[in-house]
Amino acid sequence: MRILSNEVKDHVGQEVHIEGWLHKKRLLGGLTFINVRDRRGLTQVVLQDKDEVEKLRGLQIGTVLAVDGVAHEEPRAPGGAELKDAKLTVLVPVEAEPPIEIDKPIQHKADNLDTLFEYRVLNIRNLQEQKIFKIRGSLTRAIREFLDQHEFVEIDTPKFLAEPTEGGAEVFKLDYFGKTATLAQSPQFFKQIMVGAYERVYEIGHSYRAEPSATSRHLTELTMLDIEMGFVTSHDEVMDMVGDMTQYALRQVYEKHADDLKSLNAPELKLPEDGKVPRFTVAQIHEMYSKANGQDTTKEKDLIPDEERWICDYARKELGSDLVYATEFPIEAAKFYHKVDAEKGVTMWSDLLFRGLEIATVPLRENNYEKMIEQMTKAGLDVSHEGFKHYLQAFKYGLPQHGGCGFGIDRLVEKTIGLGNVKEATLFPRDINRLAP
RNA sequence: GGGCUCGUAGUGAAGAGGCCUAUCACGCCUCCCUGUCACGGAGGAGAUCGCCGGUUCGAAUCCGGUCGGGCCCGCCA
């Protein structure tokens, strides 16, 4: 029966059977060490029999092996145990030399990202590279845990849509049996509709943006966490929920993957002591940034990327928080479904920033049917259009006040680990130039 | 859409008019090596310097074009 790499130490003195990939050979003459990789990690196998070593001649890293040997306690071996007197069985011989090395840290330099993704199939076998996606899995699991605890229902909504109706971003169009379909830029309409059923819903799914943005923070296919929560009494309540969730997920992952994050050189996690993510209005940030940097940004409707980096720096140094909210975005920057604070003349929409980057937009929605029609008409949209019909039904037949967020999972993973490009946090990234692998 | 950059063995880099018959590291091949873990040692193979054209006695190096990357801005998650 097959045992796994981390179980070898529990079978000292016994004959055991392991299977995995040849990960490394070290030939010292009369003594040969090989590392066998399985899903738990590496097992060191010691070979002294020349005939056994000969079985590996001409075979490359990646060869699939079975090894029968006796487990020994050995302080000199990684993990404190190893296999001796081993017999090898080659299950899948690999003679082709891998185009990249997988037993050493993989280059993540911006100039070489193309090579990283060109050989993704192989470099994902690198133990260091694997940590990134284990951490990614843990982050989304922690988010699901939090949302489940707070009575959110997980939903799945279609990605083929009839029309590009939401606005704000370029959409992909494709032939759908003679009609034109678009790929969803977000589950926006569906999650709001579902508030009418469950009050609280979320989806972790893919969204598609056809924007020709070749930057370190854009993908054409991205993973978004979309949350919507009904019967909220204030914008603050939504911000608190999203802030709590993010802190929960980060704490969980920093605890569970402490060693992995350290070996990946992730920054130390700084979260506010009182658990409340600090808030600044967009106008405040413009003012603070302009004063500190001598560049006048007070006329900008949105934050410029450098302001996002600056306010995050400020929050980390002065307030001990890697997370910070930019609130009260101006009405000119808003979408038709955002709720407007008429008294202040701003929207009830904020962005959650994390280590210099916008990772979520957190707005309160307009939920009044007549006001929606009014705001849509003002935005130049045809409210009688087929694409809006079912969305507006939800409002016509009763939606409570609600709010939520669109949260970029790829960006969250990138910044959690301290990577330089959102694509490094994505297994098989899709961008303006890349469709494969 | 605009701007700025970079293309040299399988991988990562050095070379910035002649010292280049192109250097180094890792990987690969052969041999030596009984405690390696980025093993070590000796030797070897592997590159028409992205492509096309130009300038020059001479181009990896300078110029133009082209193709392919990257970064920033706009926009967004």
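Lettering of chains follows the sequences in order, A, B, ..., and the numbering in each one begins at 1.
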For this session: Flag the pair A:Tyr391 / A:Met372 as yes when at least one side-chain heavy-atom distance between them is below 4.5 Å, and no otherwise.
Result: yes
Hey, what are the protein-to-nucleotides 39-44 of chain B N/O distances that come in under 3.5 Å?
| residue | atom | partner | partner atom | Å |
| --- | --- | --- | --- | --- |
| B:C39 | OP1 | A:Lys24 | NZ | 2.9 |
| B:C39 | OP2 | A:Arg26 | NE | 2.8 |
| B:C39 | OP2 | A:Arg26 | NH2 | 2.3 |
| B:C39 | O5' | A:Arg26 | NE | 3.3 |
| B:C39 | N4 | A:Leu27 | O | 2.5 |

Exercise. How close or far is atom C1' of B:C28 from atom CD of A:Gln60, stated in whole angstroms?
Worked result: 7 Å
Exercise. If the P atom of B:G70 is compared with that of B:U8, how far apart are they to the nearest Å?
Worked result: 14 Å
Seminar exercise, completed: In 5'-to-3' order, the base (B), backbone-only (S) or no-contact (-) status of each nucleotide in nucleotides 9-14 of chain B, using a 4.0 angstrom heavy-atom cut-off, is -SSSS-
Exercise. In whole Å, what separates the C1' atom of B:G1 from that of B:U61?
Worked result: 34 Å
Exercise. Is the shortest distance from a Lys or Arg side-chain nitrogen in A:Lys87 or A:Glu52 to a carboxylate oxygen in the other one below 4.0 Å?
Worked result: yes
Exercise. Should A:Arg57 be listed as having a side-chain N or O under 4.0 Å from OP1 or OP2 of B:U30?
Worked result: yes
For this session: Go through the steps to decide whether A:Lys335 and A:Glu366 satisfy the test salt bridge (Lys or Arg N to Asp or Glu O under 4.0 Å), and finish with yes or no.
Result: CA-CA 10 Å; A:Lys335 291 183 181 174; A:Glu366 182 51 63; over 6 Å; no
Protein-nucleic acid N or O pairs under 3.5 Å, nucleotides 47-49 of chain B:
none

Problem set entry | A:Ile61 CD1 to B:G27 P, straight-line distance once rounded to whole Å | 10 Å
For this session: Determine the interatomic distance between P on B:G41 and the same-named atom on B:C24; round to the nearest Å.
Result: 15 Å
